[in-house]
Each structure stands twice: as structure tokens, then as C-alpha cells.
Amino acid sequence: MEKDFFQRVYDVAEQIPFGRVTSYGAIAVFLGAARSARMVGWAMNNSSTCGRNIPAHRVVNRKGLLTGKNHFGNTDTMSQLLEAEGITIVDDQIIDFDKLFWDPAMELTR
DNA sequence: ATTGTGACGTTGC
DNA sequence: TGCAACGCCACAA
């Protein structure tokens with residue numbers, strides 16, 4: 001089962017460059033399941049089971065909001081990690097999300 | 001096999 | 001322009 005949908009998500013998530021962020025939908029589209037954006041987030045929840053360190057903090061929803069911060073244990077963990085990447089977070093929202101947005105379907109294709 | 005859920009996305013009002 | 005509801009696919013029980 002080395003090609004599970006979840007593994008696919010983990011692989012893309014690991015490829016997210018430092019200081020960049022992406023959206024669940026972008027990953028979902030890249031995986032070929034644009035309507036399964038929710039699965040991407042769910043995969044992140046299971047990212048712990050993946051056995052590998054997945055920078056889920058770099059993955060946010062389409063609005064650039066840290067929707068999954070609640071799943072990091074502490075709601076501050078995600079924002080703190082993003083700030084450590086040089087990203088500014090205000091009210092759980094990423095500033096300049098448009099510039100920091102990293103599209104796997106585009107970056108990986110180029 | 002069926003039901004329920006889920007860290008989203010889109011469309012409608 | 002802002003908020004609400006629906007839909008969607010994939011996985012777990």
C-alpha cells in the first residue's frame with residue numbers, strides 16, 4: 001500500500017519548500033481528487049501514523065486560515081511553526097498568503 | 001455493503 | 001459583500 005491516497009498527500013506535503021504554504025484543495029487537485037480536499041486534511045490527521053514528520057503546519061485551507069491548528073495539540077503550535085518559517089500570522093490567518101502560496105500542481109510541473 | 005465523518009470547496013441567498 | 005447550506009470523495013467502524 002505504498003501508493004495510498006494518504007501517502008500521496010504526505011509526499012506532496014514533504015515537498016513544500018521552507019517558508020511556503022499551500023492549500024488542501026491544491027494538493028487534492030494535484031492528486032487528481034479535487035473534490036477530496038477534505039481527505040487531504042484527514043490525511044494530515046493520520047500523518048502521525050505515517051511515521052514521518054509532515055509539515056502539516058504549512059498546509060492551510062483556501063482562505064489561508066489555520067483551520068487545523070486545533071489538531072496540533074496546542075492551537076499555538078501551528079502558528080508558532082509558521083512564524084518560525086518567516087510567515088506572519090494574524091488571527092490564525094496567513095499574511096500575504098497569496099505570495100506564500102505554493103502550488104504543487106504548478107511548482108512540481110514546472 | 002452501508003453509514004458516518006472529516007484540518008474543504010463551491011454555490012446560493 | 002457576507003454568511004449559510006450543500007456537495008464531494010475517500011477512509012474507518
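Reminder, nothing fancy here: chain letters follow the sequence lines and each chain counts from 1.
- Taking 4.5 Å as the limit, every side-chain heavy atom of A/Arg20 sits out of range of all side-chain heavy atoms of A/Glu85.
- Between the C1' atom of B/dG9 and the CD1 atom of A/Ile27 lies a distance of 14 Å, rounded to the nearest Å.
- Closest to the side chain of A/Tyr24, out of B/dA7, B/dG9, C/dA10, is B/dA7.
- Across every non-hydrogen atom of A/Arg8 and A/Leu31, the tightest pair is CG-CD2, 3.0 Å.
- Taking atom CG of A/Leu65 as the reference point, atom C1' of B/dG9 lies 14 Å away to the nearest angstrom.
- Distance alone, capped at 3.5 Å, places no donor-acceptor pair between the A/Ser23 side chain and the A/Asn61 backbone.
- Residue A/Phe6 places its side chain closer to C/dC11 than to any other of B/dG9, C/dC9, C/dC11.
- Closest to the side chain of A/Trp42, from the set C/dC11, B/dA7, B/dC8, is C/dC11.
- For the pair A/Lys69 NZ and B/dC8 C1', the interatomic distance rounds to 17 Å; values are reported in whole Å.
- Distances were taken from every side-chain heavy atom of A/Phe5 (C-beta onward) to each of C/dC11, B/dA7, C/dC9; the shortest belongs to C/dC11.
- Side-chain proximity of A/His71 to the nucleotides B/dA7, B/dG9, C/dA10 is greatest for B/dA7.
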Practice item. Check step by step if side-chain hydrogen bond (donor to acceptor under 3.5 Å, both in side chains) holds for A/Gln15 and A/Asp11. Key: CA-CA 7 Å; A/Gln15 292 174 67; A/Asp11 186 54; 3.0 Å; yes
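- Residue A/Arg62 is in sugar-phosphate contact alone, with no base atom involved, counting any heavy-atom pair closer than 4.0 Å across all strands shown.
- The nucleotide whose nearest atom lies closest to any side-chain atom of A/Asn61 is, among B/dA7, C/dC8, B/dG9, B/dG9.
- Atom CZ in A/Arg35 sits roughly 10 Å away from atom P in B/dT11 (whole-Å rounding).
- Summarising the geometry, the separation between NZ on A/Lys63 and C1' on B/dG9 is reported as 9 Å, rounded to the nearest angstrom.
- When distances run from any side-chain atom of A/Ala56 to the nucleotides C/dC8, C/dA10, B/dA7, the shortest one goes to B/dA7.
- Distance A/Gln93 CD to B/dA7 C1': 16 Å, rounded to the nearest Å.
- Ranking C/dA10, B/dG9, B/dC8 by closeness to the A/Ser23 side chain, first place goes to B/dG9.
- Using a 4.5 Å cut-off on side-chain heavy atoms (C-beta onward), A/Phe72 and A/Leu66 make no contact.
- Ranking B/dG9, C/dC9, B/dA7 by closeness to the A/Asn45 side chain, first place goes to B/dA7.
- Here C/dA12 presents its C1' atom at 13 Å from CG of A/Asp4, a figure rounded to the nearest Å.
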